[in-house]
Amino acid sequence: MSELPKAYQPQSVESKWYQYWLDEKFFEADPSSSKPGFSIVIPPPNVTGMLHMGHVLNNTIQDILARKARMDGKEVLWLPGTDHAGIATQVMVEKSIRKEGLTRHDLGREAFLEKVWEWKEKHGGIIINQLKKLGASCDWSRERFTMDEDYSRCVQRVFVKLYRQGLIYRGKRMVNWCPASLTALSDEEVIMTPQKSFLWYFKVQVAEDPSTWMTIATTRPETIPGDTAIAVNPKDPRYGHLIGKHVIRPLPAENQARIPIVADEHIDLEFGTGVLKVTPAHDKADFEIGKRHDLEIIDILNPDGTTNELAGRDLAGLDRFKARERAVELLREIGVLEKEEPYENKVGFSERAKVAVEPRLSEQWFLKYPEVEASHRCVREGHMKFFPDRWAKTYDHWMSHIQDWCISRQLWWGHQIPVWYHNETGEIHCDIDPPEHPECWTRDADVLDTWFSSWLWPFATMGWTGDATLDADNPSLQTFYPTTDLVTGPDIIFFWVARMIMAGYAFMGDLPFRNVYYTGIIRDKQGRKMSKTLGNSPDPLELIGQYGADALRFGTMRSAPLGLDVLFDEKDVELGRNFCNKLWNACRFRQMQGGMQEGEIDPMRLTTDDKWILIRLHTAISEVNQAFEDYKFNEATTTLYRFFWNEYCDWYVESSKAALQGADPALQANTLALMDFILSNTLRLFHPFLPFITEELWHGMGFSSDLPGDQGGRTIGLAHWPKAFDEDFLEHYGLDACYAEFVESKYELVRMGRNLRGEFNIPSKQKIPYVLQPSETLSDYELDTLRILLNAERLDVEADYQAPKGTPAVPSQLGTLFLPLEGLVDVEAEKGRLIKELEKITKEVEKVEKKLANSGFVDRAPAEVVQEHRQRLSDWQQKLEYARKSLEALTASGS
RNA sequence: GCGCGGUUAGCUCAGUGGUAGAGCACCACACUGACACUGUGGGGGUCACUGGUUCGAACCCAGUAUCGCGCACCA
């Protein structure tokens with residue numbers, strides 16, 4: 001092995017190993033393997049997207065799961081790919097051609113789609129490369145794209161099948177219309193956003209009784225020309241007598257029509273004036289009222305949100321918001337505007353285009369979801385597990401109120417609907433293949449919602465054909481479907497997760513994944529969502545360049561608890577970097593002691609510290625394994641961090657210097673062998689989190705070839721995952737808990753000794769003598785470790801030590817430790833320290849005494865808890881007594 | 001309106017019935033042959049509030065406040 005540089009330099013290391021992994025095909029899944037299968041499909045990012053912190057969180061978790069599964073001996077498939085992202089991509093390309101002064105209509109469908117494909121080829125690979133930089137261990141040989149030929153075929157096959165089952169139908173319905181993208185949207189793509197607006201009150205005259213006026217409150221006065229009725233609640237005593245009469249609609253001024261007053265249960269008596277203007281063309285609820293009362297529908301808007309001639313000469317041709325202002329002016333001019341009051345209401349916005357959607361009546365394709373019942377049940381009954389499980393409730397609620405899905409989009413980029421209309425008869429041809437004599441048919445121009453392709457992702461990516469016999473012979477589907485885990489954000493639980501579940505049951509007859517892990521949302525330090533416009537979204541690639549991918553992964557995982565949003569702070573990445581450096585240097589320290597040890601660890605030569613660190617490792621492994629079971633990755637990282645830094649580096653490595661610097665070569669060798677054991681376990685435990693540095697050290701330390709049996713291997717990624725020690729192991733190495741207790745008390749003594757040094761302002765570099773009055777016999781080895789840990793010049797053991805008056809001392813399990821100050825004794829300082837100490841101890845004693853004085857506690861608490869409290873009390877009392885005596889002695893001596 | 005989260009040290013958060021924790025920040029000391037991307041020691045908390053259950057509550061229950069999110073046709 002070569003000597004390691006002083007600080008870890010991730011840049012060259014990372015690219016070197018990633019290339020090695022690719023060359024060796026470690027990430028490629030073999031469906032014919034005899035190992036048990038483990039699979040994850042990546043939530044496909046937008047093909048032209050860039051890696052952001054959300055991707056980092058999401059994909060790091062997937063990578064951790066995949067790498068851990070490989071070490072567990074599974075055949076792992078992590079299937080990557082990208083999504084064509086219909087609206088997002090089309091909008092992007094439209095924007096780019098607009099710079100040349102062109103619209104997509106100038107180009108025409110075919111030429112425009114060519115442009116989009118060009119764009120895809122140019123930008124499509126970026127995010128994939130970024131994932132590689134992060135260390136993602138995807139099987140790149142299986143990369144898929146939702147518009148691949150095979151994949152598209154799956155989409156069409158599904159459409160045809162559902163159409164033939166009668167679950168897909170076409171109809172004229174109220175849909176969410178995006179006036180910017182000029183397409184229909186699903187309910188899920190509409191974000192309800194609070195808007196500060198006004199509630200305008202205007203009055204209308206009753207036609208049959210001109211002296212009577214009714215006042216209506218509205219937020220959309222521009223739609224008045226589209227009103228075809230006004231409605232009141234039949235139970236409303238104010239208006240009951242007017243039902244069936246008519247009012248004069250004030251706009252358009254040149255066409256003040258008479259519209260009926262209808263009664264409808266839907267009207268809220270409390271709201272506004274209790275009178276609703278009914279605009280069936282521009283409001284979902286109004287449309288329903290219109291249907292119930294057979295009202296005329298007047299559509300006053302163009303698809304792009306401007307008003308048309310039906311809005312009347314004063315309003316026509318305006319943008320809808322301009323028209324609103326103008327309508328208010330007109331009402332005022334006519335003299336029917338009574339008042340306006342500020343009002344906050346929620347308005348639906350297009351998720352992509354960020355403009356207010358319009359409810360609009362149009363001809364669209366809809367899907368009545370298949371397998372709702374089975375999909376609903378599998379989560380409710382726990383066949384599929386959600387982490388955290390509270391999302392199951394959200395899922396349950398949505399599934400209980402499921403609405404048909406509007407799947408057609410008036411876009412060009414996407415899967416065109418496989419439906420042709422006969423030019424003369426109007427007959428419908430729905431099939432994967434076009435009809436014969438295509439010249440007699442016209443294909444439906446619409447494409448499918450992007451999610452109508454991504455809902456097939458778990459099996460369409462694995463070569464699904466829909467033919468039961470063929471699929472049964474497909475090893476990928478057989479080995480890797482259902483997939484094991486899905487890792488995604490809760491924001492797409494309806495868009496994607498729920499729909500995949502239904503598709504899984506409908507087309508594969510089985511659920512698509514067994515567990516779903518929902519990540520939190522990454523926010524900035526102030527808790528704001530990360531967004532381009534705020535500029536608060538750090539570029540992960542820059543962070544990787546600066547700190548290393550492992551550091552980014554570690555920092556992210558350490559601050560990402562299950563189920564909560566993550567407040568991202570670059571400090572976390574810095575912490576990750578520092579940790580990698582610590583790991584690096586701990587291995588470097590081991591390496592400086594010489595090469596791998598030939599012999600096995602000799603149980604007879606284990607020191608108490610050795611046994612302690614083995615027990616701590618055992619605990620760490622158990623905790624990490626538990627954390628994995630619970631999908632609590634931050635707990636796993638915290639445990640590993642604590643074990644490695646606080647326990648191994650701070651205590652074990654320091655105390656092992658006694659053995660390493662000692663005169664016993666056999667003990668030295670044994671210590672080194674033990675270090676190798678600990679380090680090889682540690683590196684493996686860290687590997688899923690820190691793949692690059694652990695691989696580098698694995699090879700650098702010689703573990704890749706020199707370790708016996710299944711611990712070695714060409715890559716740490718295929719080394720066996722550490723198991724918590726079994727009984728035989730514990731017995732073989734004599735790992736009794738009493739050793740841990742002893743070592744803990746030794747370290748406690750050290751801590752007190754160091755504290756004394758601090759209290760008396762003795763610089764930590766100054767080597768000073770300590771005196772120990774032991775309460776039990778300590779071996780030379782123990783005394784050596786104490787001396788080293790205390791950084792003592794020497795440690796004198798004197799059973800009947802007579803300390804000079806005022807010598808600071810602390811009592812401990814192992815004896816009393818004195819800090820002789822030789823002429824520097826400051827009695828007042830020691831008094832001060834003791835008084836402070838007394839106060840502290842007294843408080844603790846009182847606390848425990850109070851508890852033990854409570855007969856309820858003593859009688860009813862479990863015996864072991866009471867016993868533990870008694871022990872604690874006696875410990876504190878001892879300290880109290882010691883401090884009191886010391887103080888008395890000082891006071892009596894009269895300084 | 002309904003539902004779901006959060007409220008613990010200056011900051012960000014762990015902690016789910018038995019001695020209040022971590023990282024960062026802060027103070028002091030030390031560039032000691034693994035590591036200054038470091039080490040050692042230290043200060044710092046009515047666990048949002050009010051009640052209840054319990055021998056015992058940060059933790060369980062009820063309610064309040066506050067912040068955030070989701071769902072819902074209130075114009």
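Reminder, nothing fancy here: chain letters follow the sequence lines and each chain counts from 1.
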From the options rG56(B), rC37(B), rU40(B), select the nucleotide whose nearest atom is closest to the side chain of Lys851(A). rG56(B)

Compare side-chain N and O positions of Lys6(A) against OP1 and OP2 of rC35(B) and report whether any pair is under 4.0 Å apart. yes

Have a look at Lys284(A) and say if it touches a base, only the backbone sugar-phosphate, or nothing, with a 4.0 Å heavy-atom cut-off. nothing

OP1 or OP2 of rG39(B) less than 4.0 angstrom from a side-chain nitrogen or oxygen of Trp645(A), does that happen here? yes

Nearest-Å distance, CD (Glu570(A)) to P (rU12(B))? 18 Å

Kindly say whether the aromatic ring centers of Tyr517(A) and Phe387(A) come within a distance under 6.0 Å. no

Regarding Asp630(A) and Gln626(A), do their side chains bring together a donor and an acceptor under 3.5 Å, going by distance alone? yes

Would you say the base of rC71(B) and the side-chain of His401(A) have a donor-acceptor pair closer than 3.5 Å? no

Could you give me the stems involving RNA chain B, meaning stretches of three or more consecutive Watson-Crick or G-U wobble pairs whose two defining distances are both below 3.5 Å? B:1-7 with B:65-71, B:10-13 with B:21-24, B:26-30 with B:38-42, B:48-52 with B:60-64

Given the P atoms of rG15(B) and rU66(B), what is the spacing between them in whole Å? 27 Å

Roughly how far apart are Arg558(A) CZ and Phe579(A) CZ, rounded to 0.5 Å? 9.5 Å

Can a side chain N or O of Lys393(A) be found less than 4.0 Å away from OP1 or OP2 on rC4(B)? yes

Would you say rG42(B) has OP1 or OP2 under 4.0 Å from some side-chain N or O of Asn755(A)? yes

Would you please confirm or rule out a distance under 4.0 Å between OP1 or OP2 of rA34(B) and any side-chain N or O of Arg588(A)? no

Distance check: side-chain N/O of Arg754(A) vs OP1/OP2 of rG41(B), anything under 4.0 Å? yes

rG41(B) and rC24(B): how far apart are their P atoms, nearest whole angstrom? 14 Å

What side-chain donor-acceptor pairs closer than 3.5 Å can you find for residues 843-850 of chain A, not counting sequence neighbours?
none

